[in-house]
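Okay, so here's the structure we're looking at.
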Amino acid sequence: MRPNAIIRPELPTDRAAIWNVNHLAFGSDAEANLVDALRDGGFLAVSLVAEIDGSAVGHILFSRLKISGRAEILESLSLAPMAVLPEFQRQLIGTQLLTQGLATCRAMGHKTVLVLGHPEFYTKFGFSAELARPLESPFGGGEAWMALELEPDALKDVVGTVEFSPPFGTFE
Ligand SMILES: CC(C)(COP(=O)(O)OP(=O)(O)OC[C@H]1O[C@@H](n2cnc3c(N)ncnc32)[C@H](O)[C@@H]1OP(=O)(O)O)[C@@H](O)C(=O)NCCC(=O)NCCS
């Protein structure tokens with residue numbers, strides 16, 4: 001039977017558990033440390049935890065970034081990282097985190113989200129590489145670089161360069 005996860009905002013007491021989820025899911029410290037740096041730097045927009053039987057098994061983070069367009073600067077969100085503990089993967093917990101995460105971002109009035117990730121996963125939620133093509137990223141990404149409009153046409157005619165928040169500059 002599929003475990004029933006509760007999706008909720010992160011709490012101050014979740015810091016170590018979130019670090020651990022990212023560390024184990026990615027098999028590296030880099031993403032876990034990025035989460036701490038984004039939080040400590042004040043760049044978090046939405047951070048949700050998936051909890052089963054009182055333990056964190058998944059996490060999703062949206063942080064602020066800017067798109068420098070031809071005539072204006074647009075506020076947007078970076079979706080990164082998201083992680084589910086290996087033993088809980090492919091049980092739709094990531095789907096729950098992303099669905100609720102995007103609904104929360106939309107409810108907060110955010111208009112667009114950008115992600116560099118698995119195309120086969122994110123396109124199921126409407127992310128599109130075509131939409132992200134006019135948005136130059138320092139990380140490149142090809143088909144893995146995708147955008148989602150939370151408001152219709154929010155990226156219509158937008159051409160620009162994406163400026164990630166400083167913690168991404170030290171991300172390797
Ligand atoms: C990606 C991740 C967050 C998805 O969470 P999840 O709970 O396993 O996802 P769900 O069960 O809701 O959805 C499963 C779908 O995710 C995609 N997916 C899951 N793991 C994947 C992987 N390692 N590579 C590519 N796609 C993957 C597939 O489309 C899969 O569908 P399928 O089972 O029909 O093939 C999770 O697998 C994870 O933490 N992976 C390691 C860290 C990572 O890569 N994070 C994302 C960075 S972009």
Side-chain angles (χ1 to χ4, degrees), residues 2-10 14 18 21-22 24-27 30-32 34-35 38-39 43-52 56-67 74-160 162-165 167-168 171:
R2 208 156 33 85
N4 195 16
I6 295 167
I7 311 295
R8 59 161 179 81
E10 79 158 67
D14 291 322
I18 289 173
V21 166
N22 281 280
L24 292 173
F26 286 97
E31 289 80 5
L34 175 64
V35 171
L38 288 167
R39 186 189 297 110
F43 299 107
L44 257 61
V46 173
S47 177
L48 303 180
V49 167
E51 182 183 302
I52 292 179
V57 301
H59 174 245
I60 189 166
L61 184 67
F62 298 84
S63 62
R64 279 178 270 280
L65 59 67
K66 291 188 196 316
I67 303 170
L74 297 181
E75 302 286 336
S76 183
L77 293 177
S78 162
L79 163 47
M82 77 170 287
V84 173
L85 285 177
E87 62 270 36
F88 288 94
Q89 288 177 10
R90 293 199 139 92
Q91 297 171 55
L92 297 180
I93 293 169
T95 295
Q96 274 181 268
L97 277 167
L98 190 45
T99 305
Q100 273 197 231
L102 293 173
T104 306
C105 294
R106 189 179 283 114
M108 289 172 70
H110 295 288
K111 295 183 173 58
T112 60
V113 181
L114 304 176
V115 70
L116 182 66
H118 309 299
E120 59 276 29
F121 182 63
Y122 293 102
T123 51
K124 290 180 194 171
F125 300 86
F127 282 89
S128 151
E130 194 183 336
L131 206 53
R133 216 157 283 143
L135 310 176
E136 195 184 320
S137 161
F139 301 113
E143 289 303 300
W145 175 235
M146 293 168 278
L148 175 72
E149 293 174 329
L150 297 173
E151 183 182 282
D153 294 337
L155 285 173
K156 193 172 182 331
D157 300 330
V158 176
V159 178
V162 173
E163 293 174 19
F164 283 86
S165 58
F168 282 96
F171 184 72

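When a residue number appears, it is its place in the shown sequence, counting from 1.
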Next on the checklist: For V46 and L77: C-alpha separation, side-chain torsions, deciding distance, then whether side-chain contact (heavy atoms from CB on, under 4.5 Å) applies.
Outcome noted: CA-CA 9 Å; V46 173; L77 293 177; 5.6 Å; no
Checklist outcome for this item: Applied to residues 78-100, the salt bridge (Lys or Arg N to Asp or Glu O under 4.0 Å) test, sequence neighbours excluded, yields none
Item to check | Which residues share a ring pair (Phe, Tyr, Trp, His ring centres under 6.0 Å) with F62, sequence neighbours left out | outcome: none
Checklist outcome for this item: Across all chains, not counting sequence neighbours, the side-chain hydrogen bond (donor to acceptor under 3.5 Å, both in side chains) partners of E75 are K66
Item to check | Close side-chain approach of P134 to V158, heavy-atom, < 4.5 Å | outcome: no
Next on the checklist: Using the rule given for side-chain contact (heavy atoms from CB on, under 4.5 Å), can you reason through F164 versus S137, listing the C-alpha separation, both sets of side-chain angles and the distance that settles it, and then say yes or no?
Outcome noted: CA-CA 9 Å; F164 283 86; S137 161; 3.8 Å; yes
Item to check | Distance, nearest 0.5 Å, that separates CG of L131 from CG of L148 | outcome: 8.0 Å
Next on the checklist: Working to the nearest 0.5 angstrom, can you tell me the gap between N4 CG and L92 CG?
Outcome noted: 11.5 Å
Checklist entry - Under the side-chain contact (heavy atoms from CB on, under 4.5 Å) criterion, do V49 and V21 qualify, and how do the steps go? => result CA-CA 10 Å; V49 167; V21 166; over 6 Å; no
Checklist outcome for this item: ring pair (Phe, Tyr, Trp, His ring centres under 6.0 Å) filter on F125, not counting sequence neighbours, yields F121
Donor-acceptor pairs are to be reported for all side-chain atoms of residues 98-107 against protein atoms at under 3.5 Å, with residues two or more places apart or in another chain.
residue	atom	partner	partner atom	Å
T99	OG1	T95	O	2.7
T104	OG1	Q100	O	2.7
R106	NE	L150	O	3.3

Next on the checklist: Just to verify, what does S76 make a side-chain hydrogen bond (donor to acceptor under 3.5 Å, both in side chains) with, not counting sequence neighbours?
Outcome noted: T112
Checklist entry - With sequence neighbours left out, what residues match I93 under side-chain contact (heavy atoms from CB on, under 4.5 Å)? => result P3, A5, A50, I52, V57, V84, F88, Q96, L97
Item to check | Side-chain touch L34/N22, heavy atoms, less than 4.5 angstrom | outcome: no
Item to check | Shortest non-hydrogen contact from G140 toward L116 | outcome: O-CD1, 3.8 Å
Checklist entry - For A132, what residues pass the side-chain contact (heavy atoms from CB on, under 4.5 Å) criterion, not counting sequence neighbours? => result W145, A147
Next on the checklist: Working to the nearest 0.5 angstrom, can you tell me the gap between L155 CG and L74 CG?
Outcome noted: 7.5 Å
Checklist outcome for this item: L44 meets the side-chain contact (heavy atoms from CB on, under 4.5 Å) criterion, sequence neighbours left out, with E10, L38, R39, S47, L61
Next on the checklist: Using the side-chain hydrogen bond (donor to acceptor under 3.5 Å, both in side chains) criterion, which residues pair with E51? Sequence neighbours excluded.
Outcome noted: R8
Checklist entry - So, do L65 and F168 sit near enough that their side-chain heavy atoms are less than 4.5 Å apart? => result no
Checklist entry - What salt bridge (Lys or Arg N to Asp or Glu O under 4.0 Å) pairs are there with at least one residue in residues 133-148, not counting sequence neighbours? => result R133-E143
Item to check | Rounded distance (nearest 0.5 Å) linking atom CZ of F26 with atom CD of E31 | outcome: 4.5 Å
